[in-house]
Amino acid sequence: MCYQCCDWFKQHRPHLVEKRDSNGLNMEGAVDSDTSSITTEEPQTEAKPSSDQVTNTETDSISNTEDAATDNSQSDSGEFVVTMLAKAKLEEQGLGVKGRSSPLLEAGTQDMPAYMSHREEDVTAESWRQHRKHVFVLSEAGKPIYSRYGSEEALSSTMGVMMALVSFVQTSDNIIRSVYSDEHTVVFLQKGPLVLVCVSCTRQSEQQLRGELMYVYYQIISMLTQASISRIFEHKKNYDLRRLLAGSEKILDGLLNLVDSDPSFLLGAVHCLPLAASLRDSLSQILQKAITSNLVFSILIAKNQLLTIVQEKTVIEDARLEPADVHLLLNLIGASSAFQAGEIWTPICLPLFNPDCYFYAYISYLDPPECTVCLLLLSTDKEAFYAVAECKRKIEEAMTAQNSLSLIDKAQSYSVSQVGVSDLRHFMYKPFDVPDNYRQLSQFTSPEMEAPYSSEEEKTRLLDLYRYMHSRIHSTSRPLKLIYHVAEKETMLAWVTSKFELYTCFSPLVTKACAITAITKLLRWIKKEEDRLFIRYPPKYSTTPNPSKSSRSSKSDQQDSTDNGFLSLL
Amino acid sequence: MASGMQEKQYTPSLLSFFVYNPTFGPREGEEEKKILFYHPSDVEKNEKIRNVGLCEAIVQFTRTFCPTKPAKSLHTQKNRQFFFEPEENFWIVMVVRNPMVEKPNKDGKPPTIEYQEEEILTMLQYLFNGTFGRAMEVGGVEQLIQKLEKFFYRYLQTLHLQSCDLLDVFGGISFFPLDKMTYLKIQSFVNRVEESLSLIKYTAFLYNDQLIWSGLEQDDMRILYKYLTTSLFPRHSEPELAGRDSPLRPEVTGNLLHYGRFLTGPTNFKDPEAKFRFPRIFVSADDGYEELHLIVYKAMSAAACFMISASVELTREFCEQLDSLVGPQLTLLASDICEQFTINRRISGTEKEPQFKFIYFNHMNLAEKSTIHMRKTASVCLTSVHPDLMKILGDINCDFARVDEDEEIIVKAMTDYWVVGKKSDQRELYVILNQKNANLIEVNEEVKRLCATQFNNIFFLD
């Protein structure tokens, strides 16, 4: 058992590879000499897997964990997977590395004071009660796993009550769904051995809140896989999952902040950075050319928005890449500064694609130290690090040759004034008629939020209005085709057709006739600009070496290896 | 359906209804004492205790997040529970089974259908019982339990969950439209009766289940109105056959000189055995609650309610006096109003079936008006529109309730019906338009026309 787990760990650990170490010739490809000097300041021991180190791996894993904390304070929870696996193992073997006392976590919390204060909040204080949205995750045994505000320890009795309610209702062969009071909506979601609870004082519908809890669940799955979570709890009902998730609270915090501030989650669509079609095409071509076997997704991200995504043909014939999986990936990258350190190789699960298996993600920023353009390469082969790193080198090279980075740098979101429709303050447009829609990621476009929605409060208020319109128009019991809502501060119009979904915000005194003209103009503008606003023809490549071997079978291979390795820990 | 198998449809139905006070059995083993009323009563004791326990736990749990505003409802896969605390520590709970459509071969995902029940569960019991606390002072817990038993038994029979809609939420009062002359006649009738029978403290006058005149406070009248129209009148409608009720047949059957009769109190006060006991109601007074006898007297479609202080003993003589005084006058008034009504109807009846239906409600005087409801009776609420459209009205009403400002909401349903909601000041207007091909601008024009004809003196946001 020990052999297996060590072996597994060794193979799954992220590789913090310093450039010169990993690849000498890479230096010439570096755009900026400053960049390389920064990344080479703290040379790290490369964690190169080699089969003759089996006996040594355990100490190796410990030192690796500590190294990460001491040598590179930036790489805190970025290594969450490796960290938690290492810790779980150590705990199991009685080596006494306890959850919060980990040096790695301390390093992580030091540079995040806000994060710390949320955890240490007084849960009996009025300020704690007044949070807009609480989220709790607990195990079926009532053990706290995560709380957005306040520490899990302080909330253990509250979470115990939640679990008691869930199981009490369960005993009469029923399922608890929600509780309403004048100020709060409490939504319960049970997923396998996990119970997720949201306490919200927003106007959001139960359906929307449940959707957000699903995102939290999926983010946990993306780190551990569904299969391993079920197996852990099958084996030990009162297992403290925080052992495995320690250090990842920041990722969940980040997710919830994003869910609150980014309409992508509400619309179930990804937001692309507007880009000249020629530039987007050239970037896609660069990604298309830099391939290796078992590479399935190549994703280029800038300013937390999608630039382009290239997908493996046979893989997306099997299953579609869901926007939610992309959101989770974007959150993972955004929530941690660890990825800015160099190159990361980490197992990650895309829960909607397949909740039980890991992909291997290669993550690297292309423009250090600014770190706005990020390359994400996903492979199904856990041994492919070097091959994938070589892809990155090729991509970097081609992008330098075409001066892509500076072009990307100029790209930015647009202002609603560019549409040229007076009275129109903001909008969100999600088309359904993108060519090749069947395998296409849902996308949407939306301008910057400008005055009068520039303050945080007003932004939130506008988003809340959109959420309310969305919940009414997509109500499960009685959906609508159109809503026109005149209120004191603005007039909102939501419209769903077979071709698109549109939400618009006008000044309050707009007349119905004006609003309709404005929408006609807006739709015309979007049509004209669609090549810039959307990824119109999602590029593909073929990397499967043996076409007869479908990705599904390769997936099950991975699942086997997961089972062998990780689950034997317990 | 294609498979030929039948769809099984469950309508919302009342599963249980109970009243408890958590302070009555705080110790373990005494939980049963908390329960003051439980319907259905044949539920096993432990089951009752369990259900009350869950309610207590839910309420307590929500206090963690807001100590002053605890839970109002709990939704589970199978049912919904509504919590209402009319007085400190007294909780009324209603459990309703979710409506469900079981489709063979498909997983029976229950559609979420909102009830607006908690609103209905208002203070009806006060009318008859006064406060819980007061009943306790008078007769202790035992008597309170008995009273609740009696009251809720009857109340639950008048509860028809399937047909609850927006009008139930408003709990409004439908006013009978009348010309000035007839209105003055009624007022002078009320004054005359109150002068001759000085015992009468308050009077209310209704025609066709619609209110014309009331001397009660608005909130009390609202509850009394609800009781009269949903409980008392329907129970007495049977002996009044439509033909006999019609003023077009003035021949008097029997020896009666008028059509007047008592709906409360003794059925036949000529009977020497008759007991002159009338239902007692509680209305608000300067110092809390005032207890009154409720006499309801009806002639044809006109009904007069007389309220007399409960401290007075009502006698046969009084009833005879009232009968002889009120009976002939009320009969006359009823036929006057009826005539007026027919004329009015003839005038408005010349228009052809309008393209729209509407509901209007004024929060200030509780006035409601609906062209959606053909006739609102206790058992069936006949509406002329699809239930889903009625629920959309409910949704819009919820949206209005969230803000104080004037608002307008126009929606297009999946069936292409347009629904327009307007809120101005304290008034709300809901219009359903049956012009499927209309666009937003045409709908707007149509509603403008409606406001101009029906509500020309009320300002609605454009």
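In what follows, chains are A, B, ... by sequence order, proteins preceding strands, each numbered from 1. Worth knowing before you read on, the calculation uses all heavy atoms, side chains too, and leaves out hydrogens, waters and symmetry mates. Keep in mind the model is a prediction, meaning the values are calculated, not measured.
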Heavy-atom closest pair, residues A:S181 and B:P70 = CB-O, 3.2 Å
Most chain B-contacting option - heavy-atom pairs closer than 4.5 Å, from A:H131, A:E488, A:Q207 = A:E488
Hey, what's the ring geometry for B:F65 with A:W128, parallel, tilted or perpendicular (30° and 60° as the breaks)?
-> parallel
Please walk me through it: do A:I175 and B:T76 pass side chain to side chain contact (heavy atoms under 4.5 Å, CB included)?
-> CA-CA 5 Å; A:I175 302 164; B:T76 67; 5.9 Å; no
Interatomic distance, NE2@A:H184 vs NZ@B:K69, rounded to 0.5 Å, equals 9.5 Å
Other residues, nucleotides, ligands: >12 heavy atoms within 6.0 Å of A:D122 CG | yes
Side-chain ion pair, B:E442 and A:K512, N-O less than 4.0 Å = no
Give a yes or no answer on whether the side chain of A:R478 reaches the backbone of B:L389 with a donor-acceptor pair at less than 3.5 Å.
-> no
Start with the C-alpha gap between B:R50 and A:T171, add the side-chain angles, then the distance that decides, and say whether side-chain hydrogen bond (donor to acceptor under 3.5 Å, both in side chains) holds.
-> CA-CA 11 Å; B:R50 265 178 58 88; A:T171 52; 3.3 Å; yes
Is the CG atom of B:D42 crowded by more than 12 outside heavy atoms at less than 6.0 Å?
-> yes
Side chain to side chain contact (heavy atoms under 4.5 Å, CB included) partner of B:K412, chosen from A:L482, A:I473, A:L480 | A:L482
Non-hydrogen atoms of chain B under 4.5 Å away: do they reach the side chain of A:E206, the backbone, both or neither?
-> side chain
Under the side chain to side chain contact (heavy atoms under 4.5 Å, CB included) rule, what do B:C66 and A:E126 come out as? Steps first, then yes or no, please.
-> CA-CA 9 Å; B:C66 184; A:E126 191 54 33; over 6 Å; no
Greatest number of heavy atom pairs closer than 4.5 Å to chain A - which of B:I396, B:D416, B:T68 | B:D416
Could you give the distance from OG (A:S475) to CE (B:M414), rounded to the nearest 0.5 Å?
-> 10.5 Å
Filtered by a 4.5 Å non-hydrogen cutoff, the part of residues 133-149 of chain A contacting chain B is A:H134, A:F136
Do you know the tightest heavy-atom contact between A:R472 and B:D399?
-> NH2-OD1, 2.8 Å
Flag if over 12 foreign heavy atoms under 6.0 Å of CD, B:E88 | no
Gap between atom CD1 of A:I176 and atom NZ of B:K78 - 0.5 Å precision = 14.5 Å
For residues A:D182 and B:K72, report the shortest heavy-atom separation together with the two atoms involved.
-> OD1-CD, 3.0 Å
Closest heavy-atom contact between B:I441 and A:A513?
-> CD1-CA, 3.7 Å
Can you tell me if CG on A:D173 sees more than 12 non-hydrogen neighbours from other groups inside 6.0 Å?
-> no
Nearest-0.5 Å distance, OG1 of residue A:T491 to CD of residue B:E407 = 10.0 Å
Between B:N444 and A:Y484, is a side-chain hydrogen bond (donor to acceptor under 3.5 Å, both in side chains) present by the stated rule, with each step listed?
-> CA-CA 11 Å; B:N444 192 46; A:Y484 187 86; over 6 Å; no
Residues A:V179 and B:A71: closest non-hydrogen pair is CG1-CB, 3.6 Å
So with a 6.0 Å cut-off around NZ of A:K459, is the heavy-atom count from everything else above 12?
-> yes
Find out whether A:H485 and B:E408 are in side-chain contact, i.e. whether some heavy atom of one side chain is under 4.5 Å from a heavy atom of the other.
-> no
Find the one option among A:V169, A:V496, A:V199, A:L493 whose heavy-atom pairs under 4.5 Å with chain B are most numerous.
-> A:V199
Measuring heavy-atom distances to chain A, does B:T64 have an atom under 4.5 Å in its side chain, in its backbone, in both, or in neither?
-> both
Point-to-point distance, once rounded to the nearest 0.5 Å, from OH of A:Y180 to CD1 of B:I58 = 13.0 Å
Rounded distance [0.5 Å steps], CD1 in A:I483 versus CD1 in B:I409 = 8.0 Å
Evaluate whether atom OH of B:Y417 has more than 12 neighbouring non-hydrogen atoms of other residues, nucleotides or ligands under 6.0 angstrom away.
-> no
